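For reference, the structure discussed in these notes is given below.
Small disclaimer: the values here were computed from a predicted structure and weren't measured.
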Protein chains: 2
Amino acid sequence: MKKHRDLISILKAKNLRLTPARRGLIQYILDHKDKQLSLLEITRFLETTVDGVNRSSVYRNLELLKKLDIIQELNLPKKGKRFQYIFDKEVHHFYICKTCGKASRGNKVLFGRIEKALKDVHEFSKANLSMVFYGYCERCKR
Amino acid sequence: MKKHRDLISILKAKNLRLTPARRGLIQYILDHKDKQLSLLEITRFLETTVDGVNRSSVYRNLELLKKLDIIQELNLPKKGKRFQYIFDKEVHHFYICKTCGKASRGNKVLFGRIEKALKDVHEFSKANLSMVFYGYCERCKR
DNA sequence: CACACTATTGCAACAAGTTGCAAATGCACC
DNA sequence: GGTGCATTTGCAACTTGTTGCAATAGTGTG
C-alpha cells in the first residue's frame with residue numbers, strides 16, 4: 001500500500017518508532033479515511049487487534065499524528081471529539097452543523113476559491129491549511 | 001450596558017433563568033470580549049465572585065451560551081479549550097497556529113470575501129457562520 | 001408578596017483525558 | 001543476531017468533564 005509507506009517514511013525521518021500500537025492506529029485510520037473516527041471506535045479496534053494498548057498511549061499517538069498533519073481533530077457538537085484523516089496533497093475543509101454535528105468535506109474547487117480569498121492574510125502561513133466552517137445543515141436549518 | 005441587556009432578553013425569550021452563576025459568567029465574558037478565555041480563568045472568577053459555583057454548572061452554562069451563539073469554543077493547540085465571545089452582528093473568523101496555538105481574529109473585509117467564496121455550498125446554512133483556519137503563524141512558520 | 005411551576009443547581013459517582021516515571025522495546029550499528 | 005541507547009509504553013495517581021437525581025430557587029401570575 002503506497003500511502004502506508006509514505007507515512008512510515010515520515011515517522012522514520014523524525015526518529016519515530018513503528019510500534020504495534022502505532023502501526024495499528026495508522027492502519028485503522030487509513031482504512032477509514034472518509035470517516036470521522038471517535039475515540040471509542042479507535043480504542044475498540046486497538047483492543048481487539050494489538051490487544052492491550054493503554055489509553056495514554058492512544059492519546060499520545062493521536063497527538064503525534066496531529067502534529068504530523070496526518071489527522072485532524074474535529075470537535076463535533078453532540079458527537080464529541082473526532083479524528084479525521086487529512087494526509088494527502090488533496091485539499092480538505094469541513095462544514096459542520098452546530099446543531100447535530102454532521103460534518104461534510106468540501107471539494108477542491110471551493111477550497112481553491114476560499115484559499116484565494118485568504119490571499120491578504122500575510123502573517124499566516126497557509127501551508128497544510130485546513131479550514132472548518134460552522135453553520136447549520138439542511139435538516140437543522142432554521 | 002447595552003449588550004448585556006440584549007443577552008438578558010435572549011435568555012428571557014427562551015424561558016431561561018438569570019441565576020447568579022449565569023449572570024457572573026455572562027458578565028465575565030462581556031468584560032473580556034477579545035480574549036480566548038480558559039476554563040481556569042472562568043472558574044477562578046466565578047469562585048471569587050459568585051462564590052461556590054459547582055463545576056457542572058459552569059460546563060452546562062458554557063454549553064448553553066454556545067448553543068445561543070453567544071460564545072464559541074476554540075480548541076487551541078498547546079492551550080486547550082478556550083471560549084470566545086462572538087455575539088454581535090459583526091463577523092468573526094479565526095486564524096489558529098497549529099504549533100503554538102496563537103489565535104487571531106479576522107476582519108470584516110476578509111470575512112465578506114470568504115463568505116462570497118462559499119456561495120455555492122447550498123446545503124449548508126451560513127446563518128451565524130463562523131470559520132476557523134488552521135495554519136502556522138509568523139513565528140512558527142516553516 | 002405569596003404561590004406554583006419549571007429551570008437550574010449541587011452533589012456524588014462515574015468516565016475521559018493527562019502526566020511523571022520506571023520498565024520495556026524498536027532500531028541503527030556492528 | 002547481539003548490544004546500546006533513545007523512544008515509547010504501561011502504570012498509577014491525578015485532573016477534567018459528564019450525568020442522573022433530588023433539592024433549590026428564578027419568574028410570572030394573581
Note to self: By the 4.0 Å heavy-atom rule, please label A/R55 as base, sugar-phosphate, or nothing.
What the structure shows: base

Notebook entry, point to check: For A/Y59 and C/dT18, is the shortest distance between a side-chain N/O and OP1 or OP2 below 4.0 Å?
Noted result: no

Margin query: Here's a test of your reading of the structure: between B/N15 and B/G52, which maps to the more 5' nucleotide of DNA chain C?
Written below: B/N15

Next item on the list: Report the distance from atom CG of B/N61 to atom C1' of C/dT9, rounded to the nearest whole Å.
Entry: 9 Å

Margin query: Just the rounded figure in Å: distance from C1' of D/dT16 to CZ of B/R82.
Written below: 15 Å

Margin query: So, taking the atom named CD in A/Q36 and the one named CG in A/L76, what distance separates them when rounded to the nearest 0.5 Å?
Written below: 6.0 Å

Checklist line | Phosphate OP1/OP2 of D/dG10: any A/S57 side-chain N/O under 4.0 Å | finding: yes

Note to self: If you compare every side-chain N and O of A/T19 against the phosphate oxygens of D/dT9 (OP1, OP2), does one of them come in below 4.0 Å?
What the structure shows: yes

Item checked: Spacing between B/E73 atom CD and D/dT16 atom P, to the nearest angstrom -> 16 Å

Next item on the list: Rounded to the nearest angstrom, tell me the gap between atom CD1 in A/I8 and atom C1' in C/dC27.
Entry: 14 Å

Next item on the list: Take the protein atom NZ of B/K14 and the nucleotide atom C1' of D/dT27, then report the distance between them rounded to whole Å.
Entry: 18 Å

Notebook entry, point to check: Choosing from C/dT9, D/dG26, C/dG17, which nucleotide comes nearest the side chain of A/L39?
Noted result: C/dG17

Next item on the list: Rounded to the nearest angstrom, tell me the gap between atom CG in B/L62 and atom P in D/dT18.
Entry: 10 Å

Next item on the list: Kindly say whether, by distance alone, the side chain of A/R60 makes a donor-acceptor pair under 3.5 Å with the base of C/dG17?
Entry: no

Item checked: Sidechain-backbone polar pair: A/Y95 side chain, A/C97 backbone, donor-acceptor under 3.5 Å -> no

Check: Mapping B/S56 and A/K12 to their closest nucleotides on DNA chain C, which lands nearer the 5' end?
Finding: B/S56

Next item on the list: Would you kindly give the CD-to-P distance between B/E47 and D/dT16, to the nearest whole Å?
Entry: 11 Å

Item checked: Pairing of A/E138 and A/K141 as salt bridge, 4.0 angstrom limit -> yes

Checklist line | Within one Ile-Leu-Val-Met-Phe-Trp-Tyr cluster: B/L74 and B/I86, side-chain cutoff 4.5 Å | finding: yes

Check: Could you walk me through whether A/H93 and A/V132 pass the side-chain contact (heavy atoms from CB on, under 4.5 Å) check?
Finding: CA-CA 6 Å; A/H93 61 291; A/V132 186; over 6 Å; no

